[in-house]
Every structure is written in C-alpha cells, then in structure tokens.
Amino acid sequence: MIVVETIKSLKQELEKYNSKNVGFVPTMGALHDGHISLVKRSVEENDVTVVSVFVNPTQFNDKADLERYPRTEEADKKLLEAAGCDIVFMPQVEEMYPEEDTRVFNFGSIETVMEGKYRPGHFNGVAQIVSKLFYAVEPTRSYFGEKDFQQVAIIRDMVKQLNIPVEIIACPIIREESGLARSSRNELLSAEERKKAALISQVLSKSVNFAKDMSVEEVKNWVNDQFKSDDTFKMDYYDIVDGNSLQSVSSWDESDYIVGCIAIYCGKIRLIDNIHY
Ligand code: PAF
C-alpha cells in the first residue's frame, strides 16, 4: 500500500495501473468497520482501490464539530493495509483548497430538507470536496455508506450535474453489536452514552412493525416520544420520506420506497441513522 499526499503523486501512482478499473472510497478517517466494508467491496470489484483520508473543513457548519472530529491517521493506515487498499490519499488542506472554493451547488429540494436544513452549507462543502476528489482520482466506481442516506442522493445528483463518469455505489449500514450505526462520531460518546445510543436503532426497528397499524404521523410521534424521558437525547428531526425525492410522505401508499431518517443528539454528539419501511 502506498500513501501519497499530493494530487500529482496520486496521478503518478495511478498511471502505473494503466487505465484499469479504479474503486474509490472517500473518507474523513477515524476508520471503523463501516468504512472497511466499503474498502473491501471496492477491492473485490476493482483492479485498484484508492481511499482518501481528509477531514474536509468546508462541510462543517459548526467549528467545534470540526475541531473535535477524531483523527487517527496511523491506525487508519493499518486498517486500510489489512483491508487490501492499494493507495491512500492523505492531502493537507492547502492541497485540496489552494484557494477558496467559491462554487455554489444547487441540489433543489433534496438539499433543503433534513441534514441540509439543519446543517446549512454542509452539502455544498461535501459536493466541493467530493467533486475535487473525483477529478483527482477519476474512479470507475465510488462507494458510500447508506447511513448518510441524503449524502448519497446529493452525490448522485452532483455527478449527473457535472457529467462525472463514475458509478456511485451505496452500501448497507454496518452496526455495532448493540445495533448502533457505526460512525466515527461514536468514539466521542462516553461509555454510558454509547450504551444509551443503542436506543436509536431499537426504536427505528420497532417502528417498522408499527407501520402496519399506525399512520405516518403516528409513527413519527411515537418515535419522537421514545426519546423524551431521557434528557441525554435531543431530537433534531425524525422524518419519513420518499427514498428518491427525500420529501416527507403523509401516507404509506404514497411510495414503494419509504425511508425513516433520524438526526439526534446523544449528549453533545449528533448521530444519524435511517431505516427502510
Ligand atoms: O461521508 C463522509 O465521510 C464525508 O462526507 C466525505 C464523503 C468523505 C466527504 O468529505
């Protein structure tokens, strides 16, 4: 496995593979089993796998969140080597942003709901960095976790808008034993919070059973109620949406692809998860 820090050296390394299929997994590091499942899938499906590790400042609308984002570069390299990654791209901020990126994307209604509404500017920053990474890596396929459900929709739209010839592959959420969706942010939870955070996936799974007998509104209320008795939790939103348009649905027969998406604070840490109805 080779580690490179500049776009120039990344392209030099890639040239050695002579236009073979390139699989790409963009990450912000602090790698866990969720990321590793993406890397392994890329290794299986491509001739060469590139993983980027870059904590992208432009997608953080909260400075404190950027500062406390976990950074575990040496451990990341070991995990990537073991997973069969060929090239790790670990640029500095100046490499990716030699000057301010002033591009403003417009993703229409898929951007103004849920994460886009609660984290203004977040998806613009994601689109800025992922497009730059796609230009640098020129991947055949790129792999994203479904935990960031809305992010996958944004990336699909971005590559369409920019005519970037890459296949976007969404991979299933990987969970801890407790059911908690794997996230780099889980490392920031105290032991007690981490235990409590298992409630999130438990509530979502139970709500799928209730969907047979309850209206969409009732399920949303029920999910919200489950977190009210413990002030460790603070709900940002629980929305039940059409999985393509990401717009709220008001009845179960409105779409055959319905997803429940949650963003909730456990202590100071904001967690997201989703479930298919
Ligand atoms: O999902 C993430 O970790 C980030 O949003 C991504 C796609 C690596 C862009 O910085």
Side-chain angles (χ1 to χ4, degrees), residues 7 10 22-39 41-42 49-63 65-73 75-76 79-80 83 85 87-97 101 103 105 107 110-111 114-116 118-137 139 141-159 162 164 166-174 181-188 246 261 263 269-274:
I7 294 173
L10 170 68
V22 178
F24 176 47
V25 183
T27 81
M28 297 206 296
L31 302 180
H32 51 69
D33 286 356
H35 296 112
I36 297 305
S37 73
L38 306 181
V39 177
R41 178 137 176 217
S42 171
T49 289
V50 180
V51 177
S52 62
V53 174
F54 179 68
V55 182
N56 172 39
T58 71
Q59 70 188 75
F60 285 83
N61 55 324
D62 173 358
K63 214 167 160 255
D65 192 23
L66 171 62
E67 271 158 22
R68 72 174 163 236
Y69 201 85
R71 287 162 170 87
T72 57
E73 288 184 8
D76 291 348
L79 288 172
L80 291 173
C85 168
I87 303 174
V88 188
F89 179 44
M90 281 186 163
Q92 298 296 315
V93 174
E94 301 72 42
E95 180 70 11
M96 296 318 293
Y97 296 102
D101 190 342
R103 289 175 299 162
F105 290 84
F107 297 109
I110 60 167
E111 176 186 28
M114 302 194 289
E115 292 303 279
Y118 282 81
R119 301 181 68 191
H122 168 66
F123 286 127
N124 203 62
V126 169
Q128 287 177 342
I129 191 60
V130 176
S131 58
K132 279 172 178 272
L133 290 167
F134 282 172
Y135 293 138
V137 178
R141 304 185 181 89
S142 187
Y143 299 80
F144 293 84
E146 272 212 316
K147 180 175 74 70
D148 296 292
F149 189 76
Q150 192 172 6
Q151 171 169 277
V152 178
I154 294 282
I155 303 288
R156 286 192 198 286
D157 202 76
M158 181 198 80
V159 298
L162 300 178
I164 302 179
V166 56
E167 186 185 348
I168 303 301
I169 299 180
C171 303
I173 299 177
I174 304 293
R182 293 249 180 222
S183 163
S184 307
R185 289 196 161 85
N186 295 355
E187 301 310 316
L188 302 172
L246 304 189
C261 300
I269 307 307
R270 189 172 182 278
L271 301 171
I272 60 172
D273 198 350
N274 61 75

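None of the values given here were measured: they were computed from a predicted structure. Order of listing sets the numbers, starting from 1, for every ligand and every atom in it.
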Undergrad: Can you confirm whether the side chains of Tyr97 and Asn56 place a donor and an acceptor under 3.5 Å from each other?
TA: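 Distance-only check passes for Tyr97 and Asn56.
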Undergrad: Purely on distance, is any nitrogen or oxygen of Gln59 under 3.5 Å from one on ligand 1?
TA: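 Yes, Gln59 has an N/O under 3.5 Å of an N/O on ligand 1.
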Undergrad: Which pairs would a plain distance check flag for residues 146-153, meaning a side-chain donor or acceptor within less than 3.5 Å of a matching protein atom at least two apart in sequence or in another chain?
TA:
| residue | atom | partner | partner atom | Å |
| --- | --- | --- | --- | --- |
| Gln150 | OE1 | Glu115 | N | 2.9 |
| Gln150 | NE2 | Ile110 | O | 2.7 |
| Gln150 | NE2 | Val113 | O | 2.9 |

Undergrad: For atom 3 (O) of ligand 1, what's the nearest protein heavy-atom neighbour? Residue, atom name and distance, please.
TA: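 Atom 3 (O) of ligand 1 sits closest to the protein heavy atom Met28 CG, 3.7 Å.
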Undergrad: Using atom types as modelled, flag every donor-acceptor pair under 3.5 Å from a side chain in residues 119-127 to any protein atom, sequence neighbours excluded.
TA:
| residue | atom | partner | partner atom | Å |
| --- | --- | --- | --- | --- |
| His122 | ND1 | Gln59 | O | 2.8 |
| Asn124 | OD1 | Phe105 | N | 2.7 |
| Asn124 | ND2 | Arg103 | O | 3.0 |

Undergrad: Rounded to the nearest 0.5 Å, what's the gap from CG on Asp157 to CD1 on Ile168? Could you check?
TA: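 These two atoms lie 11.5 Å from each other.
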Undergrad: Just which atoms of ligand 1 are under 4.0 Å from any heavy atom in Ile129?
TA: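 This gives 9 (C), 10 (O) as the contact atoms.
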Undergrad: Please report which non-hydrogen protein atom sits nearest to atom 5 (O) of ligand 1, along with the residue it belongs to and the distance in Å to one decimal place.
TA: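 Protein heavy atom with the smallest distance to atom 5 (O) of ligand 1: Gln151 OE1, 2.7 Å.
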Undergrad: Taking it one step at a time, do Phe54 and Gln92 satisfy side-chain contact (heavy atoms from CB on, under 4.5 Å)?
TA: CA-CA 8 Å; Phe54 179 68; Gln92 298 296 315; over 6 Å; no
Undergrad: Hey, is Ile155 touching ligand 1 through its side chain, its backbone, both or neither, going by heavy atoms under 4.0 Å?
TA: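 Answer for Ile155: neither.
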